[in-house]
Structure formats: structure tokens, C-alpha cells
Amino acid sequence: MSDDLSCTYLIVGGGIAGITCAETLAVLRPDANDRILLVTESSLVKAVTNVVPLGKLLTRFDVEERTASEWASTNVSVLQDRLKSIASADRYVQTAGGKRIKYRYLCLCTGARPNIIDKAHGSRHVIGIRDTESVEELQKRISTANRLVVVGNGGIASELVYEMGGMEEIHWVIKDAYISSTFVDSGAATFFQERLSAQNTGAGDGKQIYRRMRYTEQANDPASSEQGKRGGAALGPDWHRAFDIGKATQNQKNVKIHPSVEVASVVERSEDHKFRLDVHLTNGTEIECDFVVSATGVVPSAGWPCDRPFKLGPDGGLFVDWHMETTVEDVYAAGDVCYAGWEHAPHWFQMRLWTQARQMGAMAARSMAAKRAGEQIYQDFCFEMFNHVTTLFGYQVVLLGRYNGQGLNDKYEVLLRMTPGLEYIKFVLVDGKLQGALLVGETGLEETCENLILNQLDVSPYGDDLLDPNIDIEDYFD
């Protein structure tokens, strides 16, 4: 067949996991005979840049959008197409564009799709936020809107509410008792809410200028021939700085938070009403708005036919061992599409974040390269402890270990230090040993907390002095 292609390593997905996997393989297997092929639905890919280590494991990095053709290198080729089916016994995949690609090792990095609320009649005015294309759709809607409802309580919803200006009203609907509960506790949520309240009065900080290169999707996209089938990669950190998601230059806004409720229904109104939708909440509240933004999590995107069925995790992700290999031989998976099926280290757990997508993509590449070379490898040290850096409400947020007491059955104590408008620090301890930390602001404690969690040093002799602002604990434990 003229449409037949072949490669040693086939990677499907142009997000952080897929790009990291391809780049790592290019370093580990520079042999020109080991061809690396990346298949991506979008003409844009997400490349990790400006990696800054904050500790042994913790890194802060940027994600840049690049055109696939610009990103491709001498030993990594790119095909813009969509995966249609997998024939693992014969080691080939079929694409939507009619290509048949033979492979030796396959890594699936197809990410996840937005778990959009669909409460019937008004669904065409419900926008799911997950990738660059969906944010661009949001920008178009904002230009003619005055009131909107944001549903969700994770990082994207939090930053959307914080960054968006020029609206008559923003209604934030969250199923939890406090904002940003995906990442923080109620104390930190109160700390963040003060920043949001300051914005409501026009006292908030201005939006920082975004100085990275911007790219746009190519119009001649062969993978998008089927309506609704195309999907871009996840947004990544600091996504909001790339977009003007407000109508006014000032930051003042009117945000109304609706805690402990969910959306019951969305009803489209007739043309003669001022607002397009009527959103009904489970507590009986009705909100009139122009459209709804759904930032309510993701579902692993793993729906292609395969001659050998994949084992799935309880969340629908592809079950992988610590090598990132699925239950189908020589088929690997990394990032949001997979479920971490191995026995986890005491201070690590899976969370679908760009940090773990990068770590898993690199681990999958190492595993495939080692198998090709017949070598033994060990699991990467980054899986010893959960670690993530993000930005919420203008603050740097560092999450380490069991930062919210996850899995500790409420048998832990908490040490807190909070300086309004500056920092919020929480230590989670069990029997005098640090199990997790939440650091908001420029605390400088990242490496110290890493050491204390990994070494499990007993800090009980220091008591409450551990977070005394007059004592530099870095000097004791670094």
C-alpha cells in the first residue's frame, strides 16, 4: 500500500506527555535506524521549556505552543492525523486519514477529553474548557456576553474566574464548600478569596504581560474532517497568560460564588430575553446568563478499537505498570489517558496534571528505549513523592506529598502559617514526621519540605517553632 508507513517508536498525541516522550527518545536512541514518529490531531504541539529545578524532584516549567513542523527534528517525524484503530498482533495502527503505520513500540498519549456538563436544552451554549481551541471559542463568546456561569473547582476554573474581567456578573458554581478544593484546603481557599474580593473592588493586581510566541491552528487540517473529532492538547501551566479572556482593561469584576451546589438543568430562553440561558442549581437558585463555561474535570480519551482488549483502571484510563506499559505487549501509555496501576510509594498518588504528564512521558520513553536495548532500568525517582507547581490567583502554589492529608484517614496534625496577601504554609505531620506540604507564595521552603518528606526525619522536638517566621528552618534541614 502506498499509504503504508513504518517506524520503531510510534507516539500518538501532541500534548506534554507525547512531546516529552518523543524528545526523551530522541536523546536516548539517536540511532538514525530507530525512527520516531509522532501522530498528532492538531497542527500545534505543546513543548516544555524553561525548566527550573526548585528541589530534587520539584520543577517549574513553561509550556510553549509550537507548530508541529517547527518542532520536528531530524530523528523525529510528525504526521497530522488521528488514531482510528490498533492491530497489536501485527503491530500496526490505522489512522482516520487512511494511513497504515507499522511500529515496534507504541506509546499512547492521547490525553483526556473535557467532562462537559450536559443538562439538555442549552447545551450548545455550554463550552468545555480543556485545550487552546476551546479557549479561543470562549474568547469569541465573551465579546458579546455580559453574564456567565463558570462550573468547576479545579485549576482552570479558578484561573478563569480570577483572570476574566469586563463582565457584568460571573457566577462561580462549585460542588464543594470552598473554592479551589482540587488543590487546597479551606484555609488556603479563604486566603485566595481575599485576593478575589480585592479584585471585585478594583484593588487587585493587573494582569502580567505574556511574552511568549503565539501560534494559531492551520486551516487545512486533515484530521478534522469529521465534525467534532479534532482535539488539541491540554492547556498546560500559565495557559491564561496567552489569552485575553476579558473585555476590559481593568481587573474589576463582580464574582458571586455558589458553594455546595451543582447544575440541575440549563434551559435555552427565547430570543426576546436579555440573556440566552436560564441555569437551575440544585438548591433552587436560578441564574440568567449568556453562556456556561464547563471546567468540570476530564475523562481519559481511550476509545479506539484494538484486537486485544486493554485492561482499564476504575477511572477508565489505560491500566499501566511502572514501566508505563499497558496490558497489551509493547503498547505503552502516558499522561492523562493512563491509570497508574502499580503499587505507589507512600507519598505519591496519581493526579491528572501537566507535571505528571511530563514525568510519565519521560518514563515511557526510558522503558521503550531500555526494552529495545535489552537493558534493565529502575523507576524514576520522581514517583517517590507527589510534586506539582502551579499558579492560582496570582500566587505560586507548591504541592508536595500528601499535602491535603490524602489517604491518611484524618490521623494527622497540621501546622499553619499565614501572612495575609503574602503567603500560606501548611505542613501535614504524622507522628512528628512531615507527610505533605502546601506552600502558597514565594516561601523558599520547597527543597526543605522535599527533604523532610523523603527522609522522614522526626521534627517533633521543634514543635510549633517549625513554622516560626523568626526561624529559618532551611538552615536546619537543607
Tell me the closest heavy-atom pair linking [X] and [Y], and the distance in Å.
X    : Y    : result
A89  : D307 : N-OD2, 3.0 Å
F191 : V440 : CE2-CG1, 3.7 Å
L439 : L445 : CD1-C, 3.9 Å
N115 : T296 : O-OG1, 2.6 Å
R402 : W348 : NH2-O, 3.5 Å
Y332 : S367 : CE2-CB, 3.9 Å

Roughly how far apart are [X] [atom1] and [Y] [atom2], rounded to 0.5 Å?
X    : Y    : atom1 : atom2 : result
L106 : I86  : CG    : CD1   : 5.5 Å
T59  : N50  : OG1   : CG    : 12.0 Å
F275 : E268 : CZ    : CD    : 15.0 Å
T326 : F310 : OG1   : CZ    : 5.0 Å
S265 : I117 : OG    : CD1   : 10.0 Å
T24  : I19  : OG1   : CD1   : 10.5 Å

Are the side chain of [X] and the backbone of [Y] linked by a donor-acceptor contact shorter than 3.5 Å?
X    : Y    : value
Q356 : M351 : yes
R352 : D336 : yes
Q379 : E384 : no
K56  : N451 : no
D31  : N33  : yes
S294 : V126 : no
E446 : L54  : no
R276 : F291 : no
D81  : G97  : yes

Item to complete: Check the pair L312, Y339 against side chain to side chain contact (heavy atoms under 4.5 Å, CB included), reporting the backbone distance first and the verdict last.
Response: CA-CA 7 Å; L312 301 180; Y339 170 79; over 6 Å; no
Discussion item. Could you work out, with side chain to side chain contact (heavy atoms under 4.5 Å, CB included) as the rule, every residue matching D380, not counting sequence neighbours?
Written reply: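 Partners of D380 under the side chain to side chain contact (heavy atoms under 4.5 Å, CB included) test: M363, R366, C382, F383.
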Does some side-chain heavy atom of [Y] sit less than 4.5 Å from a side-chain heavy atom of [X]?
X    : Y    : value
R91  : R104 : yes
W304 : T110 : yes
L318 : P300 : no
V398 : L438 : no
V39  : V93  : no
D321 : T327 : no
I11  : V76  : no
T391 : Y162 : no

Fill in: NZ/NE/NH1/NH2 to OD/OE distance under 4.0 Å, D4 and K102
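So D4 does not pair with K102 through a salt bridge.
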Worksheet item: Should the pair K46-E64 be classified as a salt bridge under the 4.0 Å nitrogen-to-oxygen rule?
Response: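 Not counted as a salt bridge, because no side-chain N and carboxylate O are separated by less than 4.0 Å.
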Practice prompt. Let me know which of R372, R29, M368 forms a side-chain contact (heavy atoms from CB on, under 4.5 Å) with T8.
Written response: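 With T8 as partner, R372, R29, M368 yield a single side-chain contact (heavy atoms from CB on, under 4.5 Å), made by R372.
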Discussion item. If we check side-chain contact (heavy atoms from CB on, under 4.5 Å) with Q359, which of these qualifies: T20, N387, I16?
Written reply: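 When T20, N387, I16 are each tested with Q359, the side-chain contact (heavy atoms from CB on, under 4.5 Å) holds only for N387.
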Practice prompt. Evaluate side chain to side chain contact (heavy atoms under 4.5 Å, CB included) for V320 paired with W342, printing each intermediate quantity in order.
Written response: CA-CA 7 Å; V320 294; W342 64 87; 4.1 Å; yes
Discussion item. Walk me through whether F381 and L454 qualify under side chain to side chain contact (heavy atoms under 4.5 Å, CB included).
Written reply: CA-CA 11 Å; F381 191 58; L454 292 170; 4.0 Å; yes
Worksheet item: Could R358 and F61 be counted as a cation-pi pair, given that NZ or CZ must be under 6.0 Å from the ring centre and within 45° of the axis?
Response: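 Yes, R358 lies over the aromatic ring of F61.
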Fill in: More than 12 heavy atoms of other groups within 6.0 Å of K371 NZ
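Count over threshold, so yes.
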Worksheet item: Between Y105 and D34, do the side chains contain an N or O donor and an N or O acceptor separated by less than 3.5 Å?
Response: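 No, no side-chain donor-acceptor pair sits under 3.5 Å.
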Worksheet item: Going through the checks in order, is the side chain to side chain donor-acceptor pair (under 3.5 Å) test met by E23 and W71?
Response: CA-CA 10 Å; E23 290 178 338; W71 171 82; 2.9 Å; yes
Practice prompt. Could you check whether the rings of W172 and F393 sit parallel, tilted or perpendicular, using 30° and 60° as the cut-offs?
Written response: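 Judged by the thresholds at 30° and 60°, the geometry between W172 and F393 is tilted.
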Worksheet entry | Parallel, tilted or perpendicular: rings of F192 and Y395 (30°, 60°) |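 Geometry flag for F192 against Y395: tilted rings.
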Item to complete: Evaluate side chain to side chain contact (heavy atoms under 4.5 Å, CB included) for L79 paired with I101, printing each intermediate quantity in order.
Response: CA-CA 11 Å; L79 172 67; I101 308 172; 3.8 Å; yes
What side-chain donor-acceptor pairs closer than 3.5 Å can you find for residues 147-158, not counting sequence neighbours?
| residue | atom | partner | partner atom | Å |
| --- | --- | --- | --- | --- |
| R147 | NE | E169 | OE1 | 3.3 |
| R147 | NH1 | E288 | O | 3.3 |
| R147 | NH2 | E168 | OE2 | 3.0 |
| N153 | OD1 | S180 | N | 2.6 |
| N153 | ND2 | D176 | OD2 | 2.9 |
| N153 | ND2 | Y178 | O | 2.9 |
| N153 | ND2 | S181 | OG | 3.0 |
| S158 | OG | G154 | O | 2.8 |
| S158 | OG | S180 | OG | 2.8 |

